[in-house]
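Okay, structure first, notes after.
All values derive from a computational prediction rather than experimental measurement.
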Amino acid sequence: MTVRDKKNVNKSNLKYIFVVGGVMSGVGKGVTASSVAKILQARGLNITAIKIDPYINVDAGTMNPTEHGEVFVLKDGLETDQDMGNYERFLNVDLPKENYMTTGSVYLSVIKKERNLGYEGKNVEVVPDIPLEVIRRINLAAKQAGADVVLVEVGGTVGEYQNILFLEAIRMLKQRYPERVGVVMVSYLPVPGSVGEMKTKPTQTAVRALNSVGVFADIIIARSTVAVDRKRKEKIATFCNVNPDNVISAPDVESIYDIPLNFEKDKLSERLCTMLDLSCKSRSELEDWKKFVRKTKNYKDEVQVAVVGKYFSSGEFVLSDVYISIIEALKYSAYANGLKPIISYLSSQEFEKGRPLSDLKDYGGIIVPGGFGSTGIEGKLKVIEYTRQNGIPYLGICYGMQLAVLEYARNVMKLKNPSTAEIDPKADHLVIDVMPEQREKIMGKDMGGTMRLGQYPTIIEKGSIASKAYKKLQIMERHRHRYEVNPKYISDMESAGLVFSGKSPDGRLMEIMELPTEVHPFFVGVQFHPELQARPLDPHPLFTAFVKASYESKS
Ligand code: GLN
């Protein structure tokens with residue numbers, strides 16, 4: 001061990017669980033990692049979860065959602081991957097920015113340290129300096145959380161170049177603390193239609209690829225359409241060098257929330273506790289979780305909600321991942337109301353191409369989610385006008401609120417050529433304008449991580465729909481935007497009937513707008529993203545109120 005390595009030695013008894021993917025992506029590694037964390041939390045352990053994304057982007061904020069799915073904003077404002085949302089939802093905790101890293105962010109800190117003479121004249125090298133920075137960050141996040149166990153999900157699939165330095169970090173840690181590091185590989189076992197038999201070879205190949213970089217799997221989670229039988233478990237065990245009891249069956253499930261319970265059928269928490277000598281409670285405390293899972297299967301009726309967005313199509317495919325937090329938030333609130341959520345994804349562009357707006361009559365409620373740019377905007381505006389005029393419950397989130405304000409300025413206030421500075425900065429009436437502190441950032445093309453991001457307070461007006469939903473007058477919600485309701489138009493808008501029922505404490509920023517209930521049963525727009533704080537065991541009150549209104553509008 002070199003002097004530089006010794007400096008990084010961690011004397012605590014922290015245990016590390018790495019989750020890596022084999023065979024292919026898209027098999028639910030994030031949900032698997034969240035479920036592993038959940039079952040250990042239920043054994044009374046303090047666990048924190050970290051996501052590593054191998055791309056060069058410093059954070060997820062600069063990526064197009066159709067490339068990478070939803071951008072999940074943490075409480076402290078870091079723009080991250082949707083898996084961070086899964087961890088927060090499963091563990092029912094807020095995670096800090098230290099729990100997320102990308103290749104770009106790791107390199108950036110190493111380079112900054114080098115520029116500040118932090119390496120004291122030494123040659124800075126890809127190995128060991130990059131993996132050491134990864135390890136430093138993992139230890140920091142674990143320390144901050146006071147964790148007994150830190151679970152680290154490494155993005156990507158073994159065998160690709162991109163994540164190799166993160167696998168090297170695992171190898172280095174395991175070499176230092178063989179008893180404190182466990183590796184879980186999430187693999188996929190195809191059942192080819194022509195053969196009708198589950199094939200283990202891709203898993204064997206993936207394990208070999210992992211072994212070739214000096215990392216060995218302790219547990220293999222066998223994702224497949226069906227459960228893995230004992231015979232295949234033994235085969236995987238022989239060829240992949242693990243105990244057959246450490247091959248955990250992970251068949252496709254109706255609901256992702258079944259997964260922690262399924263893992264416990266194969267005694268996964270027991271296996272992990274024994275393997276890493278964790279001081280686990282003898283009983284798993286999953287009662288609340290089980291109660292929630294029961295609600296996902298028993299309901300008195302259905303509620304139909306449509307999300308009208310622009311990021312749905314990718315070639316022939318429909319991508320709902322882009323709005324995953326909204327969808328999950330709707331589910332929790334539907335279950336809390338004893339309802340089964342039926343969620344439809346409608347592309348706003350279709351309404352521009354002439355899809356009849358009367359199609360919206362089928363839905364109890366409509367959501368226009370957050371977004372950027374001008375694509376599909378006219379379609380969204382038409383949809384908002386229709387929901388306003390026809391009394392269909394409406395929830396506008398971020399861009400969905402800004403567009404509701406714009407629609408009002410256009411069709412009710414009849415302003416000439418109103419717009420948002422995001423689409424037409426030269427319009428006659430910029431009812432949505434760039435926030436003053438954002439102007440310079442746009443001019444200087446300083447776009448990464450510079451929006452109004454993270455948690456801010458909102459003061460709610462008594463008697464409003466928002467106050468009835470939240471049952472309190474001061475709330476904290478997470479934000480991600482550059483534009484805002486232009487203060488110049490507020491009093492005219494209020495005279496025209498719009499209610500700004502939530503404002504920043506200094507009264508400057510309009511955070512919630514609504515229409516009075518005498519005019520419309522539920523027409524609410526929020527400048528923040530309530531979906532980011534919805535949890536299975538703690539549904540979001542605004543979604544719960546919206547789902548209730550959506551159900552009532554049809555009954
Ligand atoms: N594009 C809008 C803004 O930047 C809304 C952002 C969003 O919906 N997240 O203000």
Could you check if a side-chain atom of [X] sits within less than 4.5 angstrom of a side-chain atom of [Y], using non-hydrogen atoms only?
X	Y	answer
Arg482	Arg452	no
Glu328	Ile256	yes
Val71	Arg480	yes
Glu407	Val405	no
Glu422	Ile432	no
Leu406	Thr420	yes
His529	Ile397	yes
Glu531	Tyr323	no

What residues form a side chain to side chain donor-acceptor pair (under 3.5 Å) with Asp446, not counting sequence neighbours?
->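 Partners of Asp446 by the side chain to side chain donor-acceptor pair (under 3.5 Å) criterion come out as none, since no residue qualifies.
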Are the side chain of [X] and the backbone of [Y] linked by a donor-acceptor contact shorter than 3.5 Å?
X	Y	result
Asp76	Lys97	yes
Trp289	Tyr257	yes
Asp53	Gly155	no
Asn337	Leu339	no
Ser105	Met101	no
Asn417	Ala427	no
Thr102	Ile56	no
Asn390	Ile392	no
Glu153	Ala33	no
Asn486	Leu430	yes

Would you give the length of the straight line joining atom [atom1] of [X] to atom [atom2] of [Y], rounded to the nearest 0.5 angstrom?
X	Y	atom1	atom2	value
Asp288	Leu537	CG	CG	6.0 Å
Arg89	Phe72	CZ	CZ	6.0 Å
Ile326	Phe543	CD1	CZ	5.5 Å
Asn298	Lys300	CG	NZ	13.0 Å

Going by the ring-ring contact (aromatic ring centres under 6.0 Å, His included) test, which pairs reach into residues 507-526, not counting sequence neighbours?
-> Tyr394-Phe523, His520-Phe523, Phe522-Phe546
Please collect all ring-ring contact (aromatic ring centres under 6.0 Å, His included) contacts where either partner lies in residues 489-514, sequence neighbours excluded, each pair once.
-> His429-Tyr489
Assess whether side-chain hydrogen bond (donor to acceptor under 3.5 Å, both in side chains) is satisfied between Arg355 and Ser347, documenting all intermediate values.
-> CA-CA 10 Å; Arg355 177 171 182 174; Ser347 160; over 6 Å; no
Check the angle between the aromatic planes of Tyr332 and Phe292 and answer parallel, tilted or perpendicular using the 30° and 60° thresholds.
-> perpendicular
Could you walk me through whether Tyr456 and Glu511 pass the side-chain hydrogen bond (donor to acceptor under 3.5 Å, both in side chains) test, one step at a time?
-> CA-CA 10 Å; Tyr456 287 94; Glu511 306 282 34; over 6 Å; no
Please determine which of Arg478, Lys75, Lys51 meets the salt bridge (Lys or Arg N to Asp or Glu O under 4.0 Å) test together with Glu88.
-> Arg478
Could you please spell out the steps behind the side-chain hydrogen bond (donor to acceptor under 3.5 Å, both in side chains) verdict for Gln527 and Gln402?
-> CA-CA 7 Å; Gln527 184 57 79; Gln402 297 175 355; 3.2 Å; yes
Would Asp258 and Lys265 pass as an ion pair if we require N to O under 4.0 Å?
->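 Not counted as a salt bridge, because no side-chain N and carboxylate O are separated by less than 4.0 Å.
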Side-chain ion pair, Lys340 and Glu254, N-O less than 4.0 Å |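 Not counted as a salt bridge, because no side-chain N and carboxylate O are separated by less than 4.0 Å.
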Has Lys488 got more than 12 heavy atoms of other residues, nucleotides or ligands less than 6.0 Å from its NZ?
->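 Result for NZ/Lys488: open.
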Determine whether more than 12 heavy atoms belonging to other residues, nucleotides or ligands lie under 6.0 Å from atom CD of Glu440.
-> no
What residues form a side chain to side chain contact (heavy atoms under 4.5 Å, CB included) with Glu518, not counting sequence neighbours?
->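 Testing Glu518 for side chain to side chain contact (heavy atoms under 4.5 Å, CB included), a comparison that skips the adjacent residues, returns Pro516.
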Would you say the side-chain atoms of Tyr55 and Asn57 include a donor-acceptor pair closer than 3.5 Å?
-> no
Check: Asp301/Tyr551 side-chain N/O donor and acceptor closer than 3.5 Å |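 Note: Asp301 and Tyr551 side chains meet the donor-acceptor criterion.
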For residues 360-381, please give each side-chain donor-acceptor pair under 3.5 Å, one per line with the distance, not counting sequence neighbours.
from	atom 1	to	atom 2	distance (Å)
Lys361	NZ	Tyr386	OH	3.2
Glu378	OE1	Arg410	NH1	3.0
Glu378	OE1	Arg410	NH2	3.3
Glu378	OE2	Arg410	NH2	2.8

Sole residue of Lys462, Glu461, Glu514 in side-chain hydrogen bond (donor to acceptor under 3.5 Å, both in side chains) with Ser501 |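 Option passing the side-chain hydrogen bond (donor to acceptor under 3.5 Å, both in side chains) with Ser501: Glu514.
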With Glu552, which residues qualify under salt bridge (Lys or Arg N to Asp or Glu O under 4.0 Å), at least two apart?
->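 With neighbours one apart ignored, the set is Lys548.
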